[in-house]
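Down below is the structure, laid out as structure tokens.
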Amino acid sequence: MFDNFGMQAAAAEIFLIATICVVLLVDVFLSDSKRWITYALSLLTLAGCAWMTLSYGVNERVSAFSGMYVADPMGDVLKLFSYATVAVSFIYARDYLQRRALFKGEYFVLGLVALLGIMVMISAGNLLTVYLGVELLSLSLYAMVAFDRESTVAAESAMKYFVLGAIASGMLLYGFSIMYGIAGTLQLDELAVELRSVESPIGLVFALVFIIAGVAFKFGAVPFHMWVPDVYHGAPTPVTLFIGAAPKISSFVLAVRVLAEGLDSLVANWQDMLIVISVLSMAIGNIVAIAQTNLKRMLAYSTVSHVGFILLGILAGTNDGYRAAMYYTFAYVIMSVGSFGMILLLAREGFEADRIDDFRGLNRKSPWFAAVMLMLMFSTAGVPPFIGFWAKVEVIAAVLDVGLAWLAALAVLFSVIGAFYYLRVVKVMYFDEPTDTVDIQAGGTLRAVLSLNGLAVLVLGIVPSVLIDLCVRALP
Amino acid sequence: MPGIGKRMTLTSILFYAFSAVLVVAALGVITARNPVHAALFLVLAFVNSAVLWLLMEAEFLAIVLVLVYVGAVMVLFLFVVMMLDINVAQMREGFTRYAPLGIIVALLVVIEIASVVWVKRLGVDTTTAVPAAAPEGYSNTQALGELLYTHYLYPFELAAMLLLLAIIAAISLTMRKRRGFKQQDVAAQVAVRPQDRIRIVKMAPEKDA
């Protein structure tokens, strides 16, 4: 009875919790001028987590803590990707936070706890741990959105996010509890077995509706997308970048763990629901984005449309589909981090650079970063040879494989509509006159990482097999 | 554990009595105009749920509910409610405007849920069996503890982390230096030197012409 519960499988999580406490304590004794130590410790923590995940990596599914925790190759790949994403988000955030007196230890601690929530969801083997992961992530994000106490817009969007997020969590929990009432278990693998023997699925569908609503909210899919533009717009840009990146990985894994693993036998039911959500997300996301003048808001609606594409892969309900959705998630995260990184690059004292007009004539000021933004925008629009193109190809192929040709046609149509507003940013950068002559003030690290990020979009697009092979290894 | 049907035992009478009060109290929470009344209704609801737990022989949960929620959380909550100057009239602004839409949506949802729950029986048989009473010497607290620190160890630790997160978030959002906030700094007052207060200006003597 007193074994160690298979603890070594969760080495990375345990390490992360321990170091969060260390960072929290160290930060108390630092003066504002030494705050960089917290920042460096946070990045070291991420490196340590990566080392833990690599050295305790698994080749097959291993469960620990009485099945509450699951380690599998998919989880390891997703976790490593999450560490990298969070690290890049921190690096991009540094300059902006320092300039606005927001460079505090709590920012990084909250970010690390959010990462813990993502990892818990990635490794969840039980609906209870799924829920705890969701809450760990959401609560950190609410606090991060409100982090700039001087900004009333941020406070308002945090409030909206909090209230709507609480309702969504309630929905998710309600669905889980009905599921528990019917199947008698919260364990995802047992649930999958148990549900096959239930004759009349009406009760299950009833529970499923609530679960799908909760999952769709966390994704930011239509009709649960109302919070996305307000939160993306209102939050400080580094927080927007954070929300747009790593949590998308967790939304993907939430859908895969709960729908694909636990509620596998209800695939016919949730496929229909996801089709509606996916088509609406692609339509509303792409069409409303055209009318935006604020870049953060435009990218928020673009997120909604990309979520529609990720859902396309998931709703296929096949292993190929999940793999395509995973690939799309990775591609989207790389592009999203880069796009918000560009806003942070141009931002300076008293200037947010979050309007599309702020990018006017960027080519005159910095041809290289105009080119980086060009690559990011082309990739997000799905133009070959960038990574975004392959991601779209993969999900559309997955949908075609299950015989939903009309859905594939709609997806292509909406991505053509979406190309308009991405290209408008490119047009503004290259063909308009600059409105000011102030040079880019960002530091060297931000410039270097952002350049790498832009190049990654191109290189991973020319050699798509690198990332695709990774996804194949994760979901064989 | 109400024995529905044949005979009403004392436990089932108690169950229905306390459940009725619980439902009324819960309705009171959301309909009371005065926030203090709403909080007190919530206390009543908690106490009644604790009694229901006692009837189910879950003594530990019942006591914890009363101690933690009624004793600590709700008292704090009442303090907060009384400290905040909530303008009820302002909060009700727009209520009549949005009420019809809200009521229609709520009714639709209730009808949908009711049609699923009642008509289709959820695909499972509702159990009518009365569970056997626990044997003598059975400790609910011990059983919970054993489960919590073995089977549910991982979620338990995560819940602890969630509480830590709540502390961090609350402190980081409330502890801040407000601009224009008037505050005495005793150390600065004590450390003050004459030179800081009086400036001796050397001037060339002037004489009237």
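Keep in mind that this is a model prediction, so the values were computed, not measured. So you know, we letter chains A, B, ... as the sequences are listed, proteins then strands, and number each from 1.
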Distance in Å, [X] [atom1] paired with [Y] [atom2], rounded so as to fall on 0.5 Å steps:
| X | Y | atom1 | atom2 | result |
| --- | --- | --- | --- | --- |
| Leu116(A) | Leu165(B) | CG | CG | 9.5 Å |
| Met175(B) | Lys104(A) | CE | NZ | 10.5 Å |
| Leu173(B) | Tyr142(A) | CG | OH | 13.5 Å |
| Ile20(A) | Ile168(B) | CD1 | CD1 | 7.5 Å |

Proximal component of [X], with respect to chain A [non-hydrogen, under 4.5 Å]:
| X | answer |
| --- | --- |
| Tyr149(B) | backbone |
| Ile171(B) | neither |
| Leu153(B) | side chain |

Should we say atom [atom1] of [X] is surrounded by more than 12 heavy atoms from elsewhere, each under 6.0 Å from it?
| X | atom1 | value |
| --- | --- | --- |
| Met74(B) | CE | yes |
| Phe90(A) | CZ | yes |
| Phe77(B) | CZ | no |
| Gln195(B) | CD | yes |

Check whether [X] gets within reach of chain B through its side chain, its backbone, both or neither, counting any heavy atom under 4.5 Å.
| X | value |
| --- | --- |
| Val120(A) | both |
| Leu128(A) | side chain |
| Leu139(A) | both |

Quick one: which of Val113(A), Val109(A), Val205(A) has the most heavy-atom pairs under 4.5 Å with chain B, could you say?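 Sorted descending by pairs with chain B, the first entry is Val113(A).
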
Any idea which of Glu106(A), Met7(A), Met144(A) has the most non-hydrogen atom pairs under 4.5 angstrom with chain B?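 Heavy-atom pair counts peak at Glu106(A).
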
Shortest non-hydrogen contact from [X] toward [Y]:
| X | Y | answer |
| --- | --- | --- |
| Glu135(A) | Leu162(B) | C-CD1, 3.8 Å |
| His151(B) | Met68(A) | O-CE, 3.7 Å |
| Leu164(B) | Cys21(A) | CD2-SG, 4.4 Å |
| Pro155(B) | Leu132(A) | O-CD1, 3.4 Å |

Classify the ring geometry of Phe65(A) against Tyr154(B): parallel below 30°, tilted from 30° to 60°, perpendicular beyond 60°.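 The arrangement is parallel - the two ring planes meet at less than 30°.
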
Let me see the working for Ile17(A) and Glu157(B) under side-chain contact (heavy atoms from CB on, under 4.5 Å), right down to the final yes or no. CA-CA 10 Å; Ile17(A) 291 182; Glu157(B) 296 294 337; 5.9 Å; no

